[in-house]
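Report on the following structure.
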Amino acid sequence: MVSEFILIGFSTFPRLQGFFFVLFLLMYLSTLLGTLLIIVTVQNERKLHTPMYCYLCTLSLSEIFYTFAIIPKMLSDLLSTQRTISFLGCANQMFFSFTFGFTHSFLLTTMGYDRYVAICYPLRYSVLMKPQICIWLLVSSCLGGLVMGLVVTVAVFHLSFCGPNEIHHFACHMLPIVKLACGDVSLTALAVGVLCIIVLMSCFLLILLSYAFIVATIMKIPSAEGRLRTFSTCAAHLTVVVVHYGFASIIFFKPKTHVLEGDSLMAVTYTVFTPFLSPIIFSLRNKELKNALKKTFKNGLFPHTKK
């Protein structure tokens with residue numbers, strides 16, 4: 001039985017590994033800095049203590065944990081000739097990556113609902129989004145991600161692995177690992193894949209439904225300036241949704257006729273670029289957060305440095 005796996009990763013691009021290491025390291029550090037800066041800014045700015053920014057902080061935390069589960073191992077493998085990972089370590093990596101990946105999707109759906117209530121029912125917002133409901137939505141998003149991580153990991157690692165043990169990926173991704181399992185695993189692969197797609201598409205459709213009502217409400221605003229100002233409160237969230245699901249579709253709906261060497265490059269779009277872009281988008285497309293970030297830079301990142 002297989003006791004460890006070998007991550008092929010970017011070893012098929014030997015001349016580019018140094019470039020990949022520098023590029024991914026810089027992007028990873030930028031992701032950590034951006035997400036931590038958003039969390040600190042929201043915590044220090046009292047006017048940002050609203051449900052939307054509470055969800056944003058939780059989203060930033062999920063980004064940190066998601067990238068931490070994958071990228072440090074990927075960076076170390078780029079500098080090493082021993083690209084092995086234990087059976088248990090591989091299971092843990094899959095569990096945490098799927099847990100926080102789906103938590104991210106659930107939180108984006110929750111943020112879409114928050115924007116729907118804020119724009120379509122502004123006078124009832126404080127009632128419909130009272131603290132108890134906000135906490136329940138946050139906990140539900142995290143528990144949903146936890147359940148999905150457990151289901152996928154148990155379903156995959158319940159299979160038998162008797163060799164080979166080379167994963168054509170830089171992480172313990174579901175599809176490359178299922179291909180290594182012994183016996184007929186087509187039913188398990190199909191069930192897990194369909195489950196993931198159903199959950200992701202359900203979240204995406206709920207977000208689309210929220211924005212359908214939002215657009216309908218915005219179109220009723222008489223002035224163009226009012227419509228633009230109202231829609232601007234959704235711009236950052238909507239952009240992140242497009243990026244998140246756009247890159248996710250590359251992974252789940254890639255063509256069947258592709259080379260294994262391309263899997264790692266395709267997965268980078270979702271694993272590295274999406275977390276890298278999220279804090280940038282929220283910082284540039286959200287006026288309140290952008291002003292708060294400027295204030296944070298002016299006064300210092302930590303309270304005790306303020307004058």
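- The CD1 atom of Ile218 sits 9.5 Å away from atom CZ of Arg227, with the distance rounded to the nearest 0.5 Å.
- With rounding to the nearest 0.5 angstrom, the CG atom of Leu32 is 10.5 Å from the CD atom of Glu63.
- From Leu238, atom CG reaches atom OG of Ser232 across 12.0 Å, with rounding to the nearest 0.5 Å.
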Assess whether side chain to side chain contact (heavy atoms under 4.5 Å, CB included) is satisfied between Leu7 and Ile85, documenting all intermediate values. CA-CA 7 Å; Leu7 296 169; Ile85 184 171; 4.1 Å; yes

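- For the two cysteine residues Cys162 and Cys182, the thiol sulfurs sit under 2.5 Å apart.
- Panel note: side chain Glu166, backbone Ile6; no donor-acceptor pair is recorded below 3.5 Å.
- Side-chain contact between Thr274 and Thr269: absent, with no pair of heavy atoms (C-beta onward) separated by less than 4.5 Å.
- Side chain of His49 to backbone of Val42: a donor-acceptor contact under 3.5 angstrom is found.
- Looking only at distances, a side-chain donor or acceptor of Ser62 sits under 3.5 Å from a matching main-chain atom of Leu59.
- Centroid-to-centroid, the aromatic rings of Phe5 and His169 stay 6.0 Å apart or farther.
- Panel note: side chain Ser97, backbone Gln93; a donor-acceptor pair is recorded below 3.5 Å.
- For the pair Ser76/Lys73, a side-chain contact is recorded, criterion being any heavy-atom separation below 4.5 Å from C-beta on.
- With Thr271 contributing its side chain and Val268 its backbone, the two residues share no donor-acceptor pair below 3.5 Å.
- His237 pairs with exactly one of Tyr211, Phe231, Tyr55 by the ring-ring contact (aromatic ring centres under 6.0 Å, His included) rule, that one being Tyr211.
- In this structure, OG1 in Thr50 is found 7.5 Å from CG in Asp114, a value given to the nearest 0.5 Å.
- Defined by atom type and a distance below 3.5 Å, a donor-acceptor pair is missing between the side-chain atoms of Thr67 and Thr31.
- No more than 12 heavy atoms of other residues, nucleotides or ligands shown are found within 6.0 angstrom of CD on Gln82.
- Counting heavy atoms from C-beta on, the side chains of Ile133 and Leu128 never come closer than 4.5 Å.
- Rounded to the nearest 0.5 angstrom, Tyr116 OH and Thr217 OG1 are separated by 7.5 Å.
- Taking CE from Met148 and CG from Leu150, the interatomic distance works out to 10.5 Å, rounded to the nearest 0.5 Å.
- The aromatic ring centroids of Phe87 and Phe157 lie less than 6.0 Å from each other.
- Looking at Ile38 and Tyr53, their side chains never come closer than 4.5 Å, going by heavy atoms from C-beta outward.
- Both Phe273 and Val241 belong to a common hydrophobic cluster when Ile, Leu, Val, Met, Phe, Trp and Tyr are linked at side-chain heavy-atom distances under 4.5 angstrom.
- When ring centroids are compared, Tyr270 and His244 come within the 6.0 Å threshold.
- Residues Ile198 and Ser202 approach most closely at O-OG, 2.7 Å, considering heavy atoms.
- Side-chain contact between Cys54 and Leu138 is present, with at least one heavy-atom pair separated by less than 4.5 Å.
- Residues Phe20 and Phe170 keep their aromatic ring centres 6.0 Å or farther apart.
- Closest non-hydrogen pair, Gly112 versus Ile214, comes out as O-CD1, 4.4 Å.
- Side-chain N or O atoms of Thr233 include one that pairs as donor or acceptor with a backbone N or O of Thr230 at under 3.5 Å.
- Counting non-hydrogen atoms of other residues, nucleotides and ligands closer than 6.0 Å to OH of Tyr125 gives a total above 12.
- In the hydrophobic clustering of this structure, Leu88 does not group with Val152; members are Ile, Leu, Val, Met, Phe, Trp, Tyr whose side-chain heavy atoms approach within less than 4.5 Å, directly or through other members.
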